[in-house]
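The structure appears right after this line, and notes come after that.
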Amino acid sequence: MKEESATAFPVRQLCFIALMSAVMCLLGPLAVPIGPVPISVMTLTIYLSMYVLGMKMGTVSCMIYLLLGFAGVPVFAGYTGGAAKLLGPTGGYLVGYICLTLVGGFIMEQFSYKRIWCILGMVVGTVVLYAFGTVWFMVLMKCELGYALSACVIPFLIGDLAKIVLAELVGQEIRKRLKAANLIG
């Protein structure tokens, strides 16, 4: 008879969470500043974490990344970190990664990672991310919706669509290979 683990996740899952958090920390700082919100590869990284880890573990991985940044580790865009960045005008997009992972991961899992549902999950999760981040930006910057959308959403639509397509192609392959190696269920 197996003994119950004292942790919520088995060791293998903890290793995947730590690995994905490390990937987020490595790729998170890489960004192109174009305005208040920089272009980064974080949404692509989050999309892939949903494929590899699923909703729960992907969310935990994302939270670890955000907590490291909150503590001052320079893991956010442009090698920044700290509470001021996370709680500042663009912090809603960072916190919104949790929403993206929860919503997108939930849809992907509910429909067994079927291609069309994965794409839909990433799109719906991204819309929730945009909504959360944009409202946060509007409140802190005391600006109108039109300005917030033109500065923080519209410039990213094509890039995020491309990231969704890339994540779909790469994510399905990574998931298939991890399953074949019996590393994920």
Side-chain angles (χ1 to χ4, degrees), residues 9 12-105 108 113 118-119 121-123 125-130 132-133 136-137 152-153 155-178 183-184:
F9 297 107
R12 180 181 293 173
Q13 290 177 345
L14 290 173
C15 290
F16 273 119
I17 290 169
L19 179 62
M20 204 65 210
S21 295
V23 169
M24 289 178 192
C25 290
L26 289 172
L27 297 179
L30 306 177
V32 177
I34 62 164
V37 180
I39 295 174
S40 76
V41 295
M42 272 309 293
T43 48
L44 175 62
T45 309
I46 299 290
Y47 299 147
L48 292 175
S49 77
M50 292 185 303
Y51 271 105
V52 174
L53 302 176
M55 181 188 73
K56 288 179 188 172
M57 292 190 308
T59 302
V60 171
S61 180
C62 184
M63 291 171 79
I64 291 169
Y65 163 76
L66 293 173
L67 286 171
L68 288 169
F70 184 77
V73 180
V75 296
F76 298 146
Y79 295 94
T80 59
K85 183 70 173 181
L86 194 63
L87 301 174
T90 60
Y93 295 101
L94 293 168
V95 174
Y97 291 151
I98 295 171
C99 300
L100 167 59
T101 308
L102 286 169
V103 172
M108 293 167 90
Y113 295 92
C118 287
I119 292 170
M122 289 184 279
V123 168
T126 302
V127 168
V128 172
L129 163 69
Y130 284 163
F132 188 85
W136 184 306
F137 184 83
C152 304
V153 175
F156 302 94
L157 292 174
I158 293 173
D160 282 343
L161 182 60
K163 291 175 198 173
I164 287 170
V165 170
L166 180 61
E168 175 56 32
L169 297 171
V170 174
Q172 287 285 357
E173 187 62 29
I174 291 171
R175 186 162 184 77
K176 183 172 76 174
R177 290 180 186 220
L178 290 172
L183 293 173
I184 62 174

Over all atoms of both residues, closest heavy-atom pair of [X] and [Y]:
X: Leu100; Y: Thr126; result: CD1-N, 3.4 Å
X: Gly105; Y: Met50; result: N-SD, 3.3 Å
X: Met63; Y: Ile98; result: CG-CD1, 3.8 Å
X: Ile184; Y: Arg175; result: CD1-NH1, 3.3 Å

Could you list the residues that satisfy side chain to side chain contact (heavy atoms under 4.5 Å, CB included) with [X], not counting sequence neighbours?
X: Val153; result: Tyr93, Tyr130, Thr134, Leu149, Leu157
X: Phe70; result: Ala83, Leu86, Leu87
X: Met57; result: Phe9, Gln13, Ile17, Leu53
X: Phe132; result: Val95, Cys99, Trp136

Would you give the length of the straight line joining atom CG of Leu169 to atom CD1 of Ile164, rounded to the nearest 0.5 angstrom?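 So the CG of Leu169 and the CD1 of Ile164 are separated by 12.0 Å.
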Could you measure the distance from the CD1 atom of Ile64 to the CG atom of Leu67? Nearest 0.5 Å is fine.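 Result: 8.0 Å between the selected atoms.
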Any pair with a residue in residues 15-28 that passes side-chain hydrogen bond (donor to acceptor under 3.5 Å, both in side chains), sequence neighbours left out, goes on the list, sorted by first then second residue, please.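 Every side-chain hydrogen bond (donor to acceptor under 3.5 Å, both in side chains) pair that includes a residue of residues 15-28, provided the two are not neighbours, is Ser21-Ser61.
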For residues 72-91, which residue pairs qualify under side-chain hydrogen bond (donor to acceptor under 3.5 Å, both in side chains), counting only residues two or more places apart or in two chains?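 Qualifying pairs: none.
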Let me check something: any side-chain donor-acceptor pairs from residues 27-45 under 3.5 Å, sequence neighbours excluded? List them with distances.
{"residue": "Ser40", "atom": "OG", "partner": "Met42", "partner atom": "N", "Å": "3.2"}
{"residue": "Thr43", "atom": "OG1", "partner": "Asp160", "partner atom": "OD1", "Å": "3.1"}
{"residue": "Thr43", "atom": "OG1", "partner": "Lys163", "partner atom": "NZ", "Å": "3.2"}
{"residue": "Thr45", "atom": "OG1", "partner": "Val41", "partner atom": "O", "Å": "3.0"}

Taking salt bridge (Lys or Arg N to Asp or Glu O under 4.0 Å) as the test, write out the residues that go with Lys56, two or more places apart.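 Scan of Lys56 (salt bridge (Lys or Arg N to Asp or Glu O under 4.0 Å), adjacent residues dropped) gives none.
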Does any part of the side chain of Leu68, heavy atoms only, come nearer than 4.5 Å to the side chain of Cys25, both counted from C-beta?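 Contact flag for Cys25/Leu68 side chains = yes.
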Side chains of Met24 and Ile46: does their closest heavy-atom pair fall under 4.5 Å?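 Of all side-chain heavy-atom pairs linking Ile46 with Met24, at least one is under 4.5 Å.
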Mind checking side chain to side chain donor-acceptor pair (under 3.5 Å) for Thr59 and listing every partner two or more places apart, or none if nothing turns up?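 With neighbours one apart ignored, the set is empty.
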Considering residues at least two apart in sequence or located in another chain, which fulfil the side chain to side chain donor-acceptor pair (under 3.5 Å) criterion with Glu173?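 In terms of side chain to side chain donor-acceptor pair (under 3.5 Å), with neighbours along the sequence ignored, Glu173 is linked to Lys176, Arg177.
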How would you list all residue pairs meeting ring pair (Phe, Tyr, Trp, His ring centres under 6.0 Å) that involve residues 29-68, not counting sequence neighbours?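 For residues 29-68: Tyr65-Phe76.
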